[in-house]
Amino acid sequence: MYKRIEREKAVQYDYARRQHRTAYGNFFATVFVILCGGAIGYYWGQSGVRPPNAKSTTPLADTVPPKHDISEANMEAAWTDFRDIVGRENISLERSELESHSGSSWSSHPSQPGDVPFAVVKPANTVEVSAIMKICHERRIPVTAYSGGTSLEGHFAATRGGICIDFSRMDQILKLNKEDLDVIVQPAVGWEHLNEELGKSNLFFPPDPGPGAMIGGMVGTGCSGTNAYRYGTMKDWVLSLTVVLADGTIIKTRQRPRKSSAGYDLTRMFIGSEGTLGLVTEAVLKVTVKPQHTSVAVCAFPSIRHAADCVFRVVGAGVPIAAIEILDDVQMKCINDAGSTSKSWKEEPTLFFKFAGTPSSVKEQISQVQGMAKKSGSKSFEFARNEAEQVELWSARKEALWATMGKMEGEDMAVWTTDVAVPISRLPLIIEETKDKIARSGLLGSIVGHVGDGNFHAILLYNKTTEFDKAHTLVHDMVKRAIELEGTATGEHGVGLVKRDYLPHEVGTTTVDAMRRLKLAFDPMCILNADKIVRVQMPAEGEVEEW
Ligand SMILES: Cc1cc2nc3c(=O)[nH]c(=O)nc-3n(C[C@H](O)[C@H](O)[C@H](O)COP(=O)(O)OP(=O)(O)OC[C@H]3O[C@@H](n4cnc5c(N)ncnc54)[C@H](O)[C@@H]3O)c2cc1C
Ligand SMILES: *[C@@H]1O[C@H](CO)[C@@H](O)[C@H](O)[C@H]1NC(C)=O
Ligand SMILES: *[C@@H]1O[C@H](CO)[C@@H](O)[C@H](O)[C@H]1NC(C)=O
């Protein structure tokens with residue numbers, strides 16, 4: 001009996017154990033099947049069609065239109081957040097300010113009524129800019145940056161609404177390192193003011209774009225100016241940048257040494273990025289020693305071709321002049337009529353030369369250039385009599401656009417400034433052709449340019465109601481011609497909204513696709529100055545001009 005019970009117990013025990021084991025077995029079998037299934041699924045998934053962002057570039061066809069939230073509720077809630085950062089008095093909702101922060105009368109992009117921001121926000125420092133960007137990032141609010149507002153191609157038009165960040169309260173020169181020849185500045189320091197300050201230490205900062213331009217915007221457009229022939233462009237004068245990215249992250253591109261091979265050159269990537277990749281809140285700039293002596297000469301020619309020929313000769317001979325500027329007969333008349341200088345000048349195609357160096361080197365350069373000008377058929381060679389006249393002449397050149405705008409009569413008129421550059425040997429050809437076309441169009445248009453670099457502008461006045469197409473065709477032909485001559489759609493003014501569709505022709509579609517990838521890598525939601533430089537969504541039908 002005892003034994004039987006023992007045997008039954010053993011059988012029961014064995015049964016129970018087996019049961020238990022089966023349950024375990026089932027459990028492990030299930031886990032095994034799930035894991036295998038997952039692994040196979042993953043493998044299939046990976047070996048199948050890859051997601052679009054596995055490509056190295058972002059073709060336009062792969063883009064999805066950015067989704068922003070500029071609903072009244074969101075903007076009003078954001079206003080409260082901004083107020084907590086910069087204070088009520090540093091946010092503007094005034095219509096006139098919204099308009100002046102999204103367009104200008106000198107911009108070649110005609111302002112559209114909807115292109116205004118909801119508010120202009122004025123931060124005081126990098127941390128505030130970062131806090132503002134964090135809010136915009138979270139609330140998907142588009143942002144345009146604004147420094148001097150002198151850019152020309154619709155650069156800060158608020159095509160997507162949102163807010164404009166005005167840097168005007170960040171206008172300090174933070175530190176001049178005289179021994180190191182560098183200076184640390186905030187974005188709303190103007191280049192003219194900076195040079196006044198540097199002059200006290202016998203130093204100077206060469207990039208000289210439009211009067212009123214500021215470091216933030218100068219980095220934005222990668223500007224140059226009359227001094228670029230001798231000293232190079234903004235790209236050559238920035239050592240390091242502090243930048244606030246789209247999500248509010250703060251980065252500093254590098255330290256202060258004159259050279260560095262440490263990694264990707266993010267400094268240069270931000271220069272010329274037109275506020276589409278990040279916001280510059282501090283810059284370390286190189287400075288240089290002021291030349292000992294300068295002299296300015298004005299030289300008139302019988303035709304624009306003669307003047308351009310002279311440029312080609314002087315540049316080809318490598319005479320180390322500081323600048324060569326061209327101004328055609330129309331521009332000289334505008335300058336005379338505007339009374340920009342105390343003296344009246346011959347209304348003929350003219351070159352302005354600037355010489356800089358030691359007194360003896362300047363003397364030598366002058367005699368060389370004078371000889372070449374004569375060989376190119378110059379009619380006169382006059383000097384500024386003193387420093388005041390030099391400054392006056394040079395500012396007349398810098399304000400050429402405004403002198404031409406002085407000819408606009410009535411509300412219907414508008415100005416279109418355009419900018420191209422070609423290899424220097426092609427310069428005489430394209431300048432002459434452009435001049436011819438302007439004359440045949442019947443529009444009032446002048447030609448000016450930093451011709452030492454093969455860079456020149458046409459300034460066209462047109463009646464908005466009747467002559468827009470004429471102006472448009474002239475600009476289109478000029479840009480197309482420059483690109484055909486292996487030149488560029490913009491030598492210095494930048495792309496903005498107006499030159500976007502020329503980029504694929506100039507650098508190639510795949511290159512533009514790579515630029516678009518860069519844009520989306522730094523700003524995946526496209527909240528920073530969307531639509532500038534590269535398109536971020538397919539254009540509407542007919543929006544892109546035929547080539
Ligand atoms: C009469 C006249 C003459 C000119 N002559 C020249 C010339 O000789 N050479 C030349 O190169 N240009 C010239 N320009 C064009 C203009 O002066 C330059 O493009 C200049 O660099 C713009 O600086 P800004 O401060 O006015 O920039 P803004 O117009 O304020 O901005 C320019 C771009 O940079 C962005 N931006 C502004 N601030 C920041 C920031 N802090 N961080 C990131 N992005 C920012 C803006 O969103 C915009 O896309 C001239 C313009 C005029 C009106
Ligand atoms: C707003 O800007 C002004 C001028 O820069 C400044 O004095 C003031 O303190 C700012 N307000 C706040 C709350 O930061
Ligand atoms: C511009 O064209 C319109 C339409 O022809 C005309 O009424 C107007 O007077 C023109 N304006 C100027 C300044 O020429």
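Side chains included, hydrogens not; waters and symmetry mates left out as well; all remaining heavy atoms used.
Remark: the E399 side chain and the S340 side chain contain no N/O donor-acceptor pair separated by less than 3.5 Å. Under 3.5 Å, the side chains of T490 and D419 contain a donor-acceptor pair of N or O atoms. Side chains of S361 and T358: a donor on one and an acceptor on the other come within 3.5 Å. Between the side chains of S240 and Q255, no donor-acceptor pair is found at a separation under 3.5 Å.
Y502 and H476 have their aromatic ring centers within a separation under 6.0 angstrom.
Counting heavy-atom neighbours within 6.0 Å of Q537 CD, excluding the residue itself, gives a total above 12. Counting heavy-atom neighbours within 6.0 Å of R140 CZ, excluding the residue itself, gives a total of 12 or less. Around the CD atom of E89, the shell of radius 6.0 Å holds more than 12 heavy atoms that belong to other residues, nucleotides or ligands.
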Kindly indicate, with the supporting measurements, whether the criterion side chain to side chain contact (heavy atoms under 4.5 Å, CB included) is fulfilled by I132 and I163.
-> CA-CA 10 Å; I132 293 168; I163 63 158; 3.8 Å; yes
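Ion pairing between K532 and E274 fails under the 4.0 Å rule for side-chain N and carboxylate O. The residues D523 and K519 are annotated as salt-bridged, a charged nitrogen and a carboxylate oxygen being separated by less than 4.0 angstrom. Using a 4.0 Å cut-off between a side-chain N of Lys or Arg and a carboxylate O of Asp or Glu, K122 and E97 qualify as a salt bridge. Under the 4.0 Å criterion applied to side-chain N and carboxylate O atoms, K55 and D513 are not assigned as salt-bridge partners. A salt bridge between D180 and R258 is absent, with no side-chain N of the basic residue lying under 4.0 Å from a carboxylate O of the acidic one.
In this structure, L98 and V120 have side chains that are in contact, with non-hydrogen atoms separated by less than 4.5 Å.
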Would you give me the side-chain donor-acceptor pairs under 3.5 Å for residues 202-226, sequence neighbours excluded?
{"from": "D208", "atom 1": "OD1", "to": "T226", "atom 2": "N", "distance (Å)": "2.9"}
{"from": "D208", "atom 1": "OD1", "to": "N227", "atom 2": "N", "distance (Å)": "3.2"}
{"from": "D208", "atom 1": "OD2", "to": "T226", "atom 2": "N", "distance (Å)": "3.3"}
{"from": "D208", "atom 1": "OD2", "to": "T226", "atom 2": "OG1", "distance (Å)": "2.5"}
{"from": "T221", "atom 1": "OG1", "to": "G217", "atom 2": "O", "distance (Å)": "3.4"}
{"from": "S224", "atom 1": "OG", "to": "E492", "atom 2": "OE1", "distance (Å)": "3.0"}
{"from": "T226", "atom 1": "OG1", "to": "W394", "atom 2": "NE1", "distance (Å)": "2.9"}

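Among residues at least two apart or in separate chains, side chain to side chain donor-acceptor pair (under 3.5 Å) pairs with a member in residues 260-271 are D236-R268, T253-T267.
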